[in-house]
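Lettering of chains follows the sequences in order, A, B, ..., and the numbering in each one begins at 1.
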Protein chains: 2
Amino acid sequence: MHDKPQPLIEIGLTAAIVAVEGDEPHILIAGDSARQDGQPALPYGPFDPLAHRTFEIGLRAWVEAQTGLRVGYVEQLYTFGDRGRHSRPGDTGPHVVSIGYLALTRVPDKADTLEATGAAFERWYRFFPWEDWRGARPRILDETILPLLEEWAGHSEQAEPGRPLSRRARLRLCFGLGGSPWDEEKVLERYELLYEAGLVEEARRDGREAALARASLPKLGQPLRFDHRRILATAIARLRAKLKYRPVVFELMPEEFTLTALQRTVEAISGRHLHKQNFRRLVESAALVEPTGATSTATGGRPAAVYRFRREVSEERPAPGLRLGGRG
Amino acid sequence: MHDKPQPLIEIGLTAAIVAVEGDEPHILIAGDSARQDGQPALPYGPFDPLAHRTFEIGLRAWVEAQTGLRVGYVEQLYTFGDRGRHSRPGDTGPHVVSIGYLALTRVPDKADTLEATGAAFERWYRFFPWEDWRGARPRILDETILPLLEEWAGHSEQAEPGRPLSRRARLRLCFGLGGSPWDEEKVLERYELLYEAGLVEEARRDGREAALARASLPKLGQPLRFDHRRILATAIARLRAKLKYRPVVFELMPEEFTLTALQRTVEAISGRHLHKQNFRRLVESAALVEPTGATSTATGGRPAAVYRFRREVSEERPAPGLRLGGRG
DNA sequence: TCAAAAGTGTTATCCTTACACCCATGT
DNA sequence: ACATGGGTGTAAGGATAACACTTTTGA
């Protein structure tokens, strides 16, 4: 028995804090205190309705307190209530409902406060190696993931009860098989399919039997604690989608940048290669940026013109974003 | 003092349950028990993590228990935690966090169970008269809403602190002024602007002073209890958007229907008139439907071919929906 | 025979995609 | 001089928007 009554439900805010550094997208991983069991975790804080009027205010407050980071853009993703996915078997604590948030920030100049708390940015493709198509089609797909998923899907075209589509059809759609194109926005659907097939560690940890009779299964990407990899998948998917109709990239860019740097950032997030000329035309015709007049010789070759984001676009165009178009 | 410890936070699930009847979109309004103060409310139920594994299961359960209705499609909308918007001044109960859900259903043949509970479907444009552009531009806009909002926006082009855009710019974008087109998906943005300006009753009820010095302000649409009109606005916006890339309309249609009936339903939801020929071509070229062979003479005039939804499209096309295009 | 609603064919226009080529700098 | 990355023009193809017109029924 406790002195204070234990609340039945606790609201937790979990943040996927994104920054892009050196053409690689990163997310903030919480300090060691949250890393028991060797499983990294996203920054997490309980929501106290008495201290903070809204979720967003609460989130900004504890992110800054925990990491010294002032995040810019913040957006709610989804609220997860799956019991089996958060608590362990035999767990008796309060039921935790986690509200996932996406936050964007520029990479901080001095990471002092970050280091002090043990928090650090990590490449997000460590957690989703099959999502990075910038170079070539990721080898892990054909070498590991697809054979296992094909086996799981079997040869049945029959839909399962409660599901409109068969395993096979879902596999085709999520992973772009048999004529379907790869859709970089289906990050969550792909992760959920792997979870359902028992191929990600989180699924086995949550008590789901591996659907395949195997002595050992390969590790598909670095797992995260609780349902944090699912939240990260949601965050990546949302960011990849939002890029196309809202000027959110600029939250991740420095004040001034070259068009190539902008393209590299968009490519890093969307995980695919883009057509240079069309990208430039798109950006300039949408009037998203304006030249500062300066040039940069940082990369070698012909100096590049330096641009800045035109904040006024939000007032002019109804949906200013970067419609990436078909293929690079 | 209570025998049982009172939980600090309670999770409430609030459902916007949509059906289309007679070319009019409706939402389910809860029975009289929830209608004290004369303010209608959406169906609402607390989430009990011990009884239900996920939010969605919990939602389906109490919706059926309360109204006898079996909903088909269910989708989470947003989680609202705004204290000022849910509890009254002086309220001391548990803090309620409401998770909004969108649910689609066909209009039930026999409304017995509905009537028994006092729940009833009501036209959703009663709550948002300015969102129905099917006939003409709604008169309430030019006669009431825009003059008041213009006054609120004043003549300042200055952005407010913490806001990237000026009141005037936001007004222009949300309500399609000065060259900007009317975007039927901005339902929530428009409602929030009216709330901020103190022009909807909910704002005044929540303790927000009317921003305009007026003896009396006109009633803009029927208010709902708590933050339910905000949840409804979110639901309408989401549904209007989703229509364009997922075949969700068919959740609202009977098994068999004519193309005109389908068009009327899409128009009812999106609140705008569509071009007949292009709509038909779109639907048929997307292979969303197939003819049953039968014809219907229900409407007078030449008999219409009867169609049914082709469920297989979900397996074929990556994003089967109805891209409505520019204007009707 | 006429009104009402269903259904078809065709054209102009814009946007996307792709290709080919020229420019400016450092080594 | 040449490699490297920056920057521009223009044509082909497809999707969309808009038009006019024919067909089939009931009253």
* Any side-chain heavy atom of B/Arg170 sitting closer than 4.5 Å to one from B/Leu193? ->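 SC-SC contact between B/Arg170 and B/Leu193 confirmed.
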
How many whole angstroms separate atom [atom1] of [X] from atom [atom2] of [N]?
| X | N | atom1 | atom2 | answer |
| --- | --- | --- | --- | --- |
| A/Leu282 | D/dG9 | CG | C1' | 17 Å |
| B/Gln277 | D/dA17 | CD | P | 13 Å |
| A/Phe279 | D/dG5 | CZ | P | 18 Å |
| B/Glu284 | C/dA6 | CD | C1' | 11 Å |
| A/Leu259 | C/dC23 | CG | P | 20 Å |
| B/Leu274 | C/dA5 | CG | C1' | 17 Å |
| A/His275 | D/dG6 | NE2 | C1' | 15 Å |

* To do: Please state whether the rings of B/Phe309 and B/Phe250 are parallel, tilted or perpendicular, taking 30° and 60° as the class boundaries.
  =>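 Rings of B/Phe309 and B/Phe250: parallel, under 30°.
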
* Is there a donor and acceptor pair, one atom on the side chain of A/Arg281 and one on the base of C/dT16, closer than 3.5 Å? ->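 Per atom types, no contact qualifies.
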
* How would you label the contact of B/Thr260 with the nucleic acid (heavy atoms, under 4.0 Å): base, sugar-phosphate, or nothing? ->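 Sugar-phosphate: the residue B/Thr260, judged by heavy atoms under 4.0 Å, touches backbone atoms but no base.
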
* Residue whose closest nucleotide on DNA chain C lies nearer the 5' end, A/Pro303 versus B/Arg264 ->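 In this pair, the answer is B/Arg264.
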
* Asked: Does A/Asn278 or B/Tyr307 map to a spot on DNA chain C nearer the 5' end, using the closest nucleotide for each?
  ->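 In this pair, the answer is B/Tyr307.
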
* Test B/Glu185 against every option in B/Lys244, B/Arg240, B/Lys242 by the salt bridge (Lys or Arg N to Asp or Glu O under 4.0 Å) rule and name the one that passes. =>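 The residue from B/Lys244, B/Arg240, B/Lys242 that satisfies salt bridge (Lys or Arg N to Asp or Glu O under 4.0 Å) with B/Glu185 turns out to be B/Lys244.
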
If you only use heavy atoms from C-beta on, which nucleotide in [options] is closest to the side chain of [X]?
| X | options | result |
| --- | --- | --- |
| B/Arg302 | D/dA17, D/dT23, D/dA20 | D/dT23 |
| B/Arg280 | C/dA6, C/dT17, D/dG7 | C/dA6 |
| A/Lys276 | D/dG7, C/dA6, C/dA18 | D/dG7 |

Determine all donor-acceptor pairs shorter than 3.5 Å in which one atom belongs to a side chain in residues 282-294 of chain B; sequence neighbours excluded.
| residue | atom | partner | partner atom | Å |
| --- | --- | --- | --- | --- |
| B/Glu284 | OE2 | B/Tyr307 | OH | 3.0 |
| B/Ser285 | OG | B/Arg281 | O | 3.1 |
| B/Ser285 | OG | B/Leu282 | O | 3.2 |
| B/Glu290 | OE2 | B/Arg308 | NH1 | 3.3 |
| B/Thr292 | OG1 | B/Ala294 | N | 3.2 |
| B/Thr292 | OG1 | B/Val306 | O | 3.2 |

* Partners of B/Arg126 by side-chain contact (heavy atoms from CB on, under 4.5 Å), sequence neighbours excluded? ->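 With neighbours one apart ignored, the set is B/Glu122, B/Gln222.
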
